[in-house]
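A short worksheet on the structure shown next.
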Amino acid sequence: MGRYHRCAGSFSFSANLLLRAGGNNSEMAETLNRALRERGWKECAYELETKGRITFRESGVPDEDLGTMSEASYWVDNRKGRVLVDIEWNAKDGNLDRDLAAYRAWHEAGLIDAAMIITKHREDLLDKAIELWAPHLGATIDEVYKATRKARKARTEEDRRLALPLDLTTTTVTSLTKAIDRINRGEAGTCPVVAVGISGATWDGTPYREV
């Protein structure tokens with residue numbers, strides 16, 4: 001996975017990229033995917049078939065064909081050789097269960113050697129985003145934090161002005177904490193899985209600028 005390490009080691013994000021609202025395929029995730037694709041990683045899906053047959057010990061009893069069971073996987077973000085890398089940036093956290101169950105099955109079947117999940121360090125990015133957004137508004141960090149943490153339906157017009165333009169408070173989406181919890185519970189089985197969290201330390205030092 002050395003080439004991936006070089007890719008990850010050179011990655012940084014701008015304040016504008018962090019503070020851009022995005023869905024499952026956010027620009028942050030696409031930036032990481034592009035960097036990997038430029039290095040030869042490819043999106044793929046595994047299609048597996050299992051054939052079943054019963055053979056009897058008793059002489060003269062014919063075998064029974066149980067048919068073929070086909071199993072198609074989800075689209076893995078990046079594959080090179082026998083290593084997989086999924087970028088789970090802003091998806092429902094159930095995606096992590098799917099990913100790890102697939103890694104486990106494919107590793108036990110001898111199809112892959114290892115996998116990596118790259119996601120957000122949500123708590124740390126929340127602090128960094130507030131730190132970057134507050135000076136842009138001429139507000140204090142405490143003002144932005146309180147407005148951002150307030151439920152959307154309860155926000156005043158001033159709260160809406162101060163709150164972050166993206167949601168880093170939702171706890172039901174993928175994050176480093178959730179990935180580590182599942183790996184520690186053994187959901188990946190014997191498959192080696194590395195969880196990487198993008199944190200505030202990855203910020204490139206540029207301030208937010210209105211576009």
Side-chain angles (χ1 to χ4, degrees), residues 1 4-37 77-78 85-100 115-155 159-185 193-211:
M1 299 174 75
Y4 179 78
H5 290 158
R6 289 195 290 273
C7 175
S10 63
F11 174 76
S12 63
F13 62 78
S14 65
N16 280 53
L17 182 58
L18 173 62
L19 292 167
R20 184 179 304 166
N24 290 359
N25 294 316
S26 68
E27 184 59 29
M28 187 77 80
E30 289 305 307
T31 299
L32 286 161
N33 276 320
R34 283 195 298 270
L36 286 168
R37 305 282 164 73
D77 290 331
N78 300 281
V85 177
D86 274 309
I87 300 173
E88 297 291 6
W89 191 254
N90 201 41
K92 294 297 184 182
D93 61 355
N95 276 27
L96 297 170
D97 299 315
R98 176 203 65 184
D99 296 347
L100 293 171
M116 177 181 287
I117 293 175
I118 184 167
T119 184
K120 65 167 74 74
H121 189 323
R122 186 186 63 79
E123 299 85 352
D124 191 78
L125 283 181
L126 174 61
D127 291 340
K128 178 57 66 175
I130 290 172
E131 177 189 327
L132 295 171
W133 188 241
H136 168 67
L137 298 179
T140 67
I141 288 177
D142 188 57
E143 288 172 331
V144 173
Y145 180 83
K146 288 180 178 178
T148 298
R149 298 294 301 183
K150 188 178 290 188
R152 289 181 178 273
K153 292 183 178 179
R155 288 177 184 173
D159 290 330
R160 290 192 289 272
R161 184 185 75 85
L162 291 170
L164 291 176
L166 76 164
D167 187 4
L168 286 170
T169 63
T170 300
T171 59
T172 58
V173 297
T174 51
S175 69
L176 180 63
T177 301
K178 289 182 177 292
I180 290 175
D181 286 346
R182 285 165 166 79
I183 293 170
N184 287 341
R185 288 202 301 264
V193 179
V194 177
V196 176
I198 300 297
S199 71
T202 322
W203 173 50
D204 66 5
T206 60
Y208 178 79
R209 293 183 175 85
E210 196 76 50
V211 177

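Taking CE of Met28 as the reference point, atom CG of Leu125 lies at 6.5 Å (rounded to 0.5 Å). Note that CD1 of Ile117 and CG of Leu96 are 5.5 Å apart. Values are rounded to the nearest 0.5 Å. Note: Thr140 OG1 to Tyr145 OH = 13.0 Å, rounded to the nearest 0.5 Å. Atom CG of Leu162 and atom CD1 of Ile130 lie 11.0 Å apart (nearest 0.5 Å). Rounding to the nearest 0.5 angstrom, the gap separating the CG atom in Leu132 from the OG1 atom in Thr206 is 8.0 Å. From Ile198, atom CD1 reaches atom CG of Leu32 across 5.5 Å, with rounding to the nearest 0.5 Å.
Across every non-hydrogen atom of Leu168 and Ala129, the tightest pair is CD1-CB, 3.8 Å. Minimum heavy-atom separation, Leu18 to Leu166: O-CD1, 3.1 Å. Between Val144 and Leu164 the shortest heavy-atom distance is CG1-CD2, 4.4 Å. Closest approach of Arg152 and Asp167 over heavy atoms only: NH2-CB, 3.9 Å. Contact detail for Pro165 and Leu19: the closest heavy-atom pair is CG-O, 3.2 Å. Looking at every heavy atom in both residues, Asn16 comes nearest to Pro207 through OD1-O, 4.0 Å.
A distance-only check finds a donor-acceptor pair linking the side chain of Lys120 to the backbone of Trp89 [under 3.5 Å]. Looking at Thr174, its side chain does come within 3.5 Å of a backbone N or O of Glu88 through a donor-acceptor pair. No side-chain donor-acceptor contact under 3.5 Å links Thr170 to the backbone of Thr172. A donor-acceptor pair under 3.5 Å is absent between the side-chain atoms of Asp204 and the main chain of Ser12, judged by distance alone. A donor-acceptor pair is defined here as one N or O able to donate and one able to accept, closer than 3.5 Å; such a pair exists between the side chain of Arg160 and the backbone of Arg155. Side-chain N or O atoms of Lys178 include one that pairs as donor or acceptor with a backbone N or O of Thr171 at under 3.5 Å. In this structure, Asp159 contributes its side chain and Ala147 its backbone to no donor-acceptor pair below 3.5 Å.
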Candidate pair Leu126 and Arg149, rule side chain to side chain contact (heavy atoms under 4.5 Å, CB included), full reasoning: CA-CA 10 Å; Leu126 174 61; Arg149 298 294 301 183; 3.8 Å; yes

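Listed by chain and residue number, Glu27 satisfy the salt bridge (Lys or Arg N to Asp or Glu O under 4.0 Å) test with Arg34 (two or more places apart in sequence, or in another chain). For Tyr208, the ring pair (Phe, Tyr, Trp, His ring centres under 6.0 Å) partners two or more places apart in sequence, or in a different chain, are Trp133, His136.
Of the options Ile118, Val85, Asn78, a side-chain contact (heavy atoms from CB on, under 4.5 Å) to Asn33 is made by Asn78 and by none of the others. In summary, of the residues considered (Asp181, Thr119, Asp124), a side-chain contact (heavy atoms from CB on, under 4.5 Å) with Leu176 occurs for Thr119 alone.
The salt bridge (Lys or Arg N to Asp or Glu O under 4.0 Å) analysis of residues 132-146, with sequence neighbours excluded, yields the pairs Asp142-Lys146.
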